[in-house]
Engineer: 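Here it is, the structure in full.
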Amino acid sequence: MEYNFSDIESKWRAHWKQTKAYKTPNDFNKPKCYVLDMFPYPSGAGLHVGHPLGYIASDIYSRYKRLKGFNVLHPMGFDSFGLPAEQYALDTGQHPAVTTKKNIETFKAQLDNIGFCYDWEREVQTSDPNYYKWTQWIFLQLFNSYFDKKGNKAKPIGNLIQQFNTVGSLPVTMNHAPFTATEWKSFDEKKQQDILMNYRLAFCGYGEVNWCEALGTVLANDEVVNGVSERGGHPVVKKKLRQWYLRITEYADRLLQGLDTVDFSDAMKEMQSNWIGKSSGAEIDFAIKKHSSQSKSSENSPLEGGLEGASLRVYTTRPDTIFGVDFIVIAPELEVVHQIKSAEQTAAVDEYLAYVKSRSERERMAEKKISGVFTGAYAINPFDGREIPIWISEYVLAGYGTGAIMAVPCGDERDFKFAQHFQIPITNIIGAHFNGQEANATKEATLENSGFLNGLVMKEAMEVAIKAIEEKGIGTRKVNFKMRDAAFSRQRYWGEPFPIKWINGIAYPIDESELPLTLPDVEKYTPGPDGQGPLANIENWVKQPVKLSKESEAKVLSSGKDLGEAGTLETNTMPGYAGSSWYFLRYMDPQNENNFCDRKVSDYWNQVDLYIGGTEHAVGHLLYSRMWTKALYDLGHIGFDEPFKRLVNQGMIQGSSRFVYRVQGENKFVSFGLKNKYAHDAIHVDVNMVDGYDLNIETFRNWREEYANADFILEDGKYICGSEVEKMSKRYYNTVNPDDLCFKYGADTFRMYEMFLGPVEMSKPWDTKGIEGVHRFLKKLWRLFYKEIKAPTSVGVGEAAFIVTAEEATPAELKVIHQTIKKIESDTERFSFNTAVSGFMIAVNELTDLKCHKKAILEPLLILLAPYAPHIAEELYAQLCKVHPTSHTEGGEVSILDAPYPIFEAKYVTETSKEYPISINGKLRTTMHIALDATEADVKALVLENEIVKKWLADKEPKKFIFVKNKMVNVVI
RNA sequence: GCCCGGGUGGCGAAAUUGGUAGACGCAGCAGACUCAAAAUCUGCCGCCUUCACCGGUGUGUCGGUUCGAGUCCGACCCCGGGCACCA
């Protein structure tokens, strides 16, 4: 019998399915291990070889942990809401639910082909109403909570209402004037709800959003890349719209601090902290100089009391440079611009504002030219009374800090360039540190021309300046974040409906008993009117009667509305990241109908011990799920506030594209080496028609009709293709389907080869060459168990006998297996799967050399191998148990899944003597066998007696001996 | 521009704390078995020199620390990824 992987693999897959081998119980008595993959979006293209890389790694780790006695949760599911399915529906009219279902089936079949140990009974799909019921429920928890700044945590909104009722507004108000308890009670329902909306963790508000016309929806900041949509690359513009948001900014500090408690790569932590973008400094008020020619201030001027005594607030991280301020710049979008501009400058300012408005986000980012205009107004430096011109320029962003900055050209590159461009005189406060040619952002300089800060080193001056500012009452210490609140609504169909009903312009939560609020079936997926989603077109859905939450119901009734008729459902849907922000919790308790996840169950499974996925989710999914976890923790629904204890980022597998070169104007193709002799065009050719770089010309001719009669200019009788590394994608014809490889070599070979390619974290182009080597290894392993006793004939394979004996193992054999146990264990623990595969190869080579066919050696080897190549390991193990039953295996077939993990015995790996390299002055000269327990004096004597050492020493006396324990000896002369 | 990674044979890559660089695999070369092929097995495989042994040299470049550097330090070059007017 030879290694017939296809029979073996289908047999064992059926067996696992039938016996529910991977069913994971919530068994609280066993130690747990939670291993999670980022679940896929089920696209129509199916899997390519890049996808399973992380899945294989996590599968190996899961199986390993299981053998080590852990109760392992290793689930899989689908992130099945999302734009592509809806775009496809728009084009073809097929319901997204239908295409999604089909795609998921394809994915599952492909995944099962590779032999993963998922418990499919725990599968989740974000578009399943039984799942999104709880997404909506969590949304309601966020809606019904606010962030208590003092306690630094989320609390029920009821606490806040009680506070308003008893003592009035909080010390720090959010976008509204302070009020007393009595005033609060006098406010009408609308006013009260509007104020509360400023506090809710999930809230609705007007704001500048990223609007993508082509996709017909708004996008979150992380979904916009270089001014275009991440998906599809469509232009994105800023637009003021009513939108739902998550108040993630309140968690900025905790999201930052939490990074210290988790095991993520430094690069990942860095990306997240850059995105959060914490900076500390101060806000400072600059009085505005009264100006005779000032234009009349409009009625709703933000400058209280007109220009008289008005001031402008700037944000700076460098209050120590306050004496170096040579001008102030305001973002053009700020209203205040119109109040301060002088009559003479009005025309210039208005012209500039028109120019700024005409520029798209894209242009602004693409060409960063220096532009701006003087407003005609001056501010007064609060410390030395200097008059400072106020400019506007698009390099200052309205949305960050106060939208106004104090410009210190000697210390800031942008300010310097601006000053240079507009010939604004520069004050030097850092002496020799400033050369007049470029700004110097040092913090080490001793300050000059800086009033009371003179003589101080900048670092120290920082504190002194802030104190002075606060004492003078002209500003405060201030921390700012780059991160914005996350846009949470999409004007699309294929997403979770919001459990919100609008009545009289007030958003009311619907009652939990109404969940899930399901998506209606629709005929058309075109957007509704006024930038609304497709749901707005379905009147009977929008107006359907739903029960509101008890408090809301009372409020609505008291305002005299009929509950059945009143109001309309929110027509936006939630974004793709809603469902993925908490799916790891649902896996723990996926069938629970009364709770998103039972608290006892989540206390048991707790944090994800190992999370595997790509870096592309660094600032999206990973931040959102961390925030949701923190909010659920604050509200007491779970017992941990970081979801992922350890994160491993698998590298991207790129495609290795192949090209043929068509001679221009002819149906003739020239081989790579000769292509420069002709005018040619490079054309992608399917990698599966190319062996290495040799084109299979017959297959190519059959590929497309137009190539059937093509001519070829060959070199050395071959057509050599060109190559390039690109993203793996259908349109480059460089995708390799795992199904094909599993069919040709088997899943075990495929799994081990993917791991053998290199470290999981590393990105690399796919190369199928080399898979033969891994396949050969498995065949060689097979031959340790089976021996051909009759040569194969033309009509069939040869007969083979199972040749494993019960003989006792020799020390040499024991050494091999114990070395292997040690290596595989440490490699698996530290995620070095490529070296682990090498370890197996070495072991099999050595055992073949030793002609070892002993159960005592091969049984542990199979158990070690089971996580990597589960099918062949199960097959050989079953056969072994049949031929050599033991107490453990008696009474029927025992699966390798429950086999006792082999124990590594140190005595077989450590030796009594060792061959030491002997170096002289660091150069290797010879080797000697020395007992490990020899003293340094013994070694010294032995080495000095050695003939070769004597020769190299000549007459010289050794200065010293260096002993590297169990490694080598070095003689210094 | 700034911040992370990373540069090791023809190729993918190994190398716990500085201690025999290139394990393992692919490709290549030579040989065994075969009428032949496939499969399998054996040997060689960084570069220079040599019939061979020996020797020299070698981990992007230059320099440093050390008895000893792929590994540590300094300067530079190249590649990959992330961020990019956040004051």
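Chain identifiers are assigned alphabetically (A, B, ...) following the order of the sequence lines, protein sequences preceding nucleic acid strands; residue numbering begins at 1 within each chain.
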Engineer: Taking ring-ring contact (aromatic ring centres under 6.0 Å, His included) as the test, write out the residues that go with A/F904, two or more places apart.
Structural biologist: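 For A/F904 there are no ring-ring contact (aromatic ring centres under 6.0 Å, His included) partners, ignoring immediate neighbours.
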Engineer: Rounding to the closest angstrom, what is the interatomic distance between B/G60 and B/C79 at atom P?
Structural biologist: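 Rounded to whole Å, the distance is 16 Å.
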Engineer: Between A/V774 and A/K779, does the side chain to side chain contact (heavy atoms under 4.5 Å, CB included) criterion hold? Intermediate values first, please.
Structural biologist: CA-CA 9 Å; A/V774 175; A/K779 285 197 275 189; over 6 Å; no
Engineer: For A/I962, report the nucleic acid contact type (base, sugar-phosphate, nothing); a contact means any heavy atom under 4.0 Å.
Structural biologist: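 Touches a base.
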Engineer: How is A/S279 classified with respect to the nucleic acid when contacts are heavy atoms under 4.0 Å: base, sugar-phosphate, or nothing?
Structural biologist: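 A/S279: backbone/sugar contact only, no base atoms under 4.0 Å.
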Engineer: How should the glycosidic conformation of B/G9 be described, syn or anti, under the criterion that syn lies within 90° of 0?
Structural biologist: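 Syn.
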Engineer: Please encode protein proximity along nucleotides 7-17 of chain B as a string of B, S and -, counting only heavy-atom distances under 4.0 Å.
Structural biologist: -----BSSS-B
Engineer: What protein N or O atoms touch nucleotides 69-71 of chain B N or O atoms at under 3.5 angstrom, if any, and at what distances?
Structural biologist:
none

Engineer: Suppose you measure atom C1' in B/G9 against the same atom in B/C4; what distance do you get, rounded to whole Å?
Structural biologist: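 29 Å, rounded to whole Å.
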Engineer: From the list B/A87, B/U20, B/U40, which nucleotide is the closest neighbour of the side chain of A/K779?
Structural biologist: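 Closest of the options to the side chain of A/K779: B/U40.
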Engineer: What's the gap between B/A32 and B/C51 when it is taken at their P atoms, as a whole Å value?
Structural biologist: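 Those two atoms are separated by 26 Å.
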Engineer: Going 5' to 3' along nucleotides 27-34 of chain B, which nucleotides have protein heavy atoms under 4.0 Å from the base (write B), which only from the sugar-phosphate (write S), and which from neither (write -)?
Structural biologist: S-------
Engineer: Looking at A/S265, I'd like to know whether one of its side-chain N or O atoms comes within less than 4.0 Å of OP1 or OP2 on B/C4.
Structural biologist: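 No.
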Engineer: Assign the ring pair A/F833 / A/Y868 to parallel, tilted or perpendicular, where the plane angle (0 to 90°) is split at 30° and 60°.
Structural biologist: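 Rings of A/F833 and A/Y868: perpendicular, as their planes differ by over 60°.
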Engineer: If the condition is ring-ring contact (aromatic ring centres under 6.0 Å, His included), which residues does A/W952 pass it with, not counting sequence neighbours?
Structural biologist: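 Once residues adjacent in sequence are excluded, A/W952 has no partner under the ring-ring contact (aromatic ring centres under 6.0 Å, His included) criterion.
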Engineer: Under the rule for ring-ring contact (aromatic ring centres under 6.0 Å, His included), what residues qualify as partners of A/Y745, not counting sequence neighbours?
Structural biologist: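 Scan of A/Y745 (ring-ring contact (aromatic ring centres under 6.0 Å, His included), adjacent residues dropped) gives A/H775.
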Engineer: Should A/Y753 and A/L741 count as side-chain neighbours, where that means a heavy-atom distance under 4.5 Å?
Structural biologist: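 Not touching, per the 4.5 Å side-chain cut-off.
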Engineer: Do any pairs count as a side chain to side chain donor-acceptor pair (under 3.5 Å) and have a residue in residues 917-927 of chain A, sequence neighbours left out, and if so which ones?
Structural biologist: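 The answer is A/E915-A/T927.
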Engineer: I would like to know whether A/F961 and A/L944 meet side chain to side chain contact (heavy atoms under 4.5 Å, CB included); could you show each step before the answer?
Structural biologist: CA-CA 11 Å; A/F961 276 72; A/L944 286 175; 3.9 Å; yes
Engineer: State, yes or no, whether a side-chain contact exists between A/I405 and A/Y395 at a heavy-atom distance under 4.5 Å.
Structural biologist: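 Side chain of A/I405 against side chain of A/Y395, heavy atoms only: contact under 4.5 Å found.
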Engineer: Going by atom types alone, do A/W766 and A/T768 pair a side-chain donor with an acceptor below 3.5 Å?
Structural biologist: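 Yes.
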Engineer: Can you name the residues that form a side chain to side chain donor-acceptor pair (under 3.5 Å) with A/E438, not counting sequence neighbours?
Structural biologist: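 With sequence neighbours excluded, A/E438 shows a side chain to side chain donor-acceptor pair (under 3.5 Å) to no residue whatsoever.
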Engineer: At 4.0 Å (heavy atoms only), tell me whether A/N845 reaches a base, stays on the sugar-phosphate, or touches nothing.
Structural biologist: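 Counting heavy atoms under 4.0 Å across all strands, the contact made by A/N845 is with sugar-phosphate only.
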Engineer: Starting from P on B/G68, measure out to NZ on A/K959 and report it in whole angstrom.
Structural biologist: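 Interatomic distance, NZ of A/K959 to P of B/G68: 11 Å.
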Engineer: On RNA chain B, check which nucleotide each of A/W952 and A/A398 is closest to and give me the residue with the more 5' one.
Structural biologist: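 Nearest nucleotide further toward 5': that of A/W952.
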Engineer: When the P atoms of B/U59 and B/C11 are considered, how many whole Å apart are they?
Structural biologist: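 That atom pair is separated by 16 Å.
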Engineer: Base, sugar-phosphate or nothing for A/S919? Non-hydrogen atoms, less than 4.0 Å.
Structural biologist: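 Touches nothing.
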Engineer: Whole-Å distance between B/A87 P and A/L397 CG?
Structural biologist: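 Taking CG of A/L397 and P of B/A87, I get 10 Å after rounding.
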Engineer: Whole angstrom is fine here: how far is it from OH in A/Y395 over to C1' in B/A87?
Structural biologist: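 Interatomic distance, OH of A/Y395 to C1' of B/A87: 8 Å.
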Engineer: Walk me through it: do A/K769 and A/D767 pass the test salt bridge (charged side-chain N to carboxylate O under 4.0 Å, His left out)?
Structural biologist: CA-CA 5 Å; A/K769 283 222 159 179; A/D767 181 12; over 6 Å; no
Engineer: Evaluate the criterion ring-ring contact (aromatic ring centres under 6.0 Å, His included) for residue pair A/Y355 and A/Y352; output intermediate values, then yes/no.
Structural biologist: CA-CA 5 Å; A/Y355 158 78; A/Y352 185 69; 5.7 Å; yes
Engineer: Using the P atoms only, state how far B/G22 lies from B/C54, rounded to an integer number of Å.
Structural biologist: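 Here B/C54 and B/G22 have their P atoms 15 Å from each other.
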Engineer: Is there side-chain contact between A/F323 and A/V408, with heavy atoms separated by less than 4.5 Å?
Structural biologist: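 The answer is no, as the side chains (C-beta and beyond) never meet within the 4.5 Å cut-off.
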Engineer: If you find the nucleotide of RNA chain B closest to A/N921 and the one closest to A/K278, which residue's nucleotide is nearer the 5' end?
Structural biologist: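 Closer to the 5' end of RNA chain B: A/N921.
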Engineer: Would you mind reading off the distance between A/D266 atom CG and B/G6 atom P, rounded to a whole angstrom?
Structural biologist: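 Taking atom P of B/G6 as the reference, CG of A/D266 is at 10 Å.
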Engineer: Do any side-chain nitrogens or oxygens of A/Y400 fall under 4.0 Å of OP1 or OP2 in B/A87?
Structural biologist: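 Result: yes.
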Engineer: If I pick the C1' atom on B/A21 and the same atom on B/G7, what distance separates them, to the nearest angstrom?
Structural biologist: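 These two C1' atoms come out 16 Å apart once rounded.
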Engineer: If you draw a 6.0 Å radius around NZ in A/K764, do more than 12 non-hydrogen atoms from other residues or ligands fall strictly inside?
Structural biologist: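 For A/K764, atom NZ is crowded (more than 12 foreign heavy atoms under 6.0 Å).
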Engineer: Rounded to whole Å, please give me the gap between CD in A/E754 and C1' in B/G25.
Structural biologist: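 Spelled out: CD on A/E754 to C1' on B/G25 is 16 Å.
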Engineer: Could you check whether atom NZ of A/K417 has more than 12 heavy atoms from other residues, nucleotides or ligands sitting under 6.0 Å from it?
Structural biologist: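 No, because the 6.0 Å sphere around NZ of A/K417 holds 12 heavy atoms or fewer from other groups.
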Engineer: Over how many whole Å does the gap from A/M968 atom CE to B/G19 atom P extend?
Structural biologist: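 Rounding to the nearest Å, CE of A/M968 and P of B/G19 are 10 Å apart.
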Engineer: Rounding to the closest angstrom, what is the interatomic distance between B/G6 and B/U16 at atom P?
Structural biologist: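 My reading of the P atoms in B/G6 and B/U16 gives 14 Å.
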Engineer: Tell me if the NZ atom of A/K950 is crowded by more than 12 foreign heavy atoms within 6.0 Å.
Structural biologist: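 Correct, the count exceeds 12.
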Engineer: Rounded to whole angstrom, note down the C1' distance from B/G19 over to B/A69.
Structural biologist: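 To the nearest whole Å, 10 Å.
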Engineer: Rounded to the nearest Å, what distance is computed from the CD atom of residue A/Q654 to the C1' atom of nucleotide B/G80?
Structural biologist: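 My rounded result for the distance is 9 Å.
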Engineer: Output all residues satisfying side chain to side chain donor-acceptor pair (under 3.5 Å) with A/E846, sequence neighbours left out; order by chain, then residue number.
Structural biologist: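 Testing A/E846 for side chain to side chain donor-acceptor pair (under 3.5 Å), a comparison that skips the adjacent residues, returns none.
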Engineer: Any side-chain heavy atom of A/R313 sitting closer than 4.5 Å to one from A/I284?
Structural biologist: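 The answer is no, as the side chains (C-beta and beyond) never meet within the 4.5 Å cut-off.
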Engineer: Rounded to whole Å, how long is the line connecting atom CZ of A/F327 with atom P of B/A87?
Structural biologist: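 So the two atoms are 16 Å apart, to the nearest Å.
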Engineer: What nitrogen or oxygen pairs link the protein and nucleotides 82-84 of chain B at under 3.5 Å?
Structural biologist:
none

Engineer: Within the 4.0 Å heavy-atom criterion, would you say A/V396 contacts the bases, only the backbone, or no part of the nucleic acid?
Structural biologist: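 The answer is base, as A/V396 lies within the cut-off (heavy atoms under 4.0 Å) of a base atom.
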Engineer: In dot-bracket, 5' to 3', how would RNA chain B read with Watson-Crick or G-U wobble pairs under 3.5 Å, [ ] for crossing ones and | for pairs to another strand?
Structural biologist: (((((((..(((......[....))).(((((.......))))).(((......)))..(((((..]....))))))))))))....
Engineer: What's touching nucleotides 45-50 of chain B from the protein side, N or O pairs under 3.5 Å?
Structural biologist:
none

Engineer: Do A/Y3 and A/T749 get their side chains close enough for a donor-acceptor pair, meaning under 3.5 Å?
Structural biologist: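 No, no side-chain donor-acceptor pair sits under 3.5 Å.
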Engineer: Just wondering, do A/I330 and A/T402 contact through their side chains at under 4.5 Å, heavy atoms?
Structural biologist: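 Side-chain contact under 4.5 Å: no.
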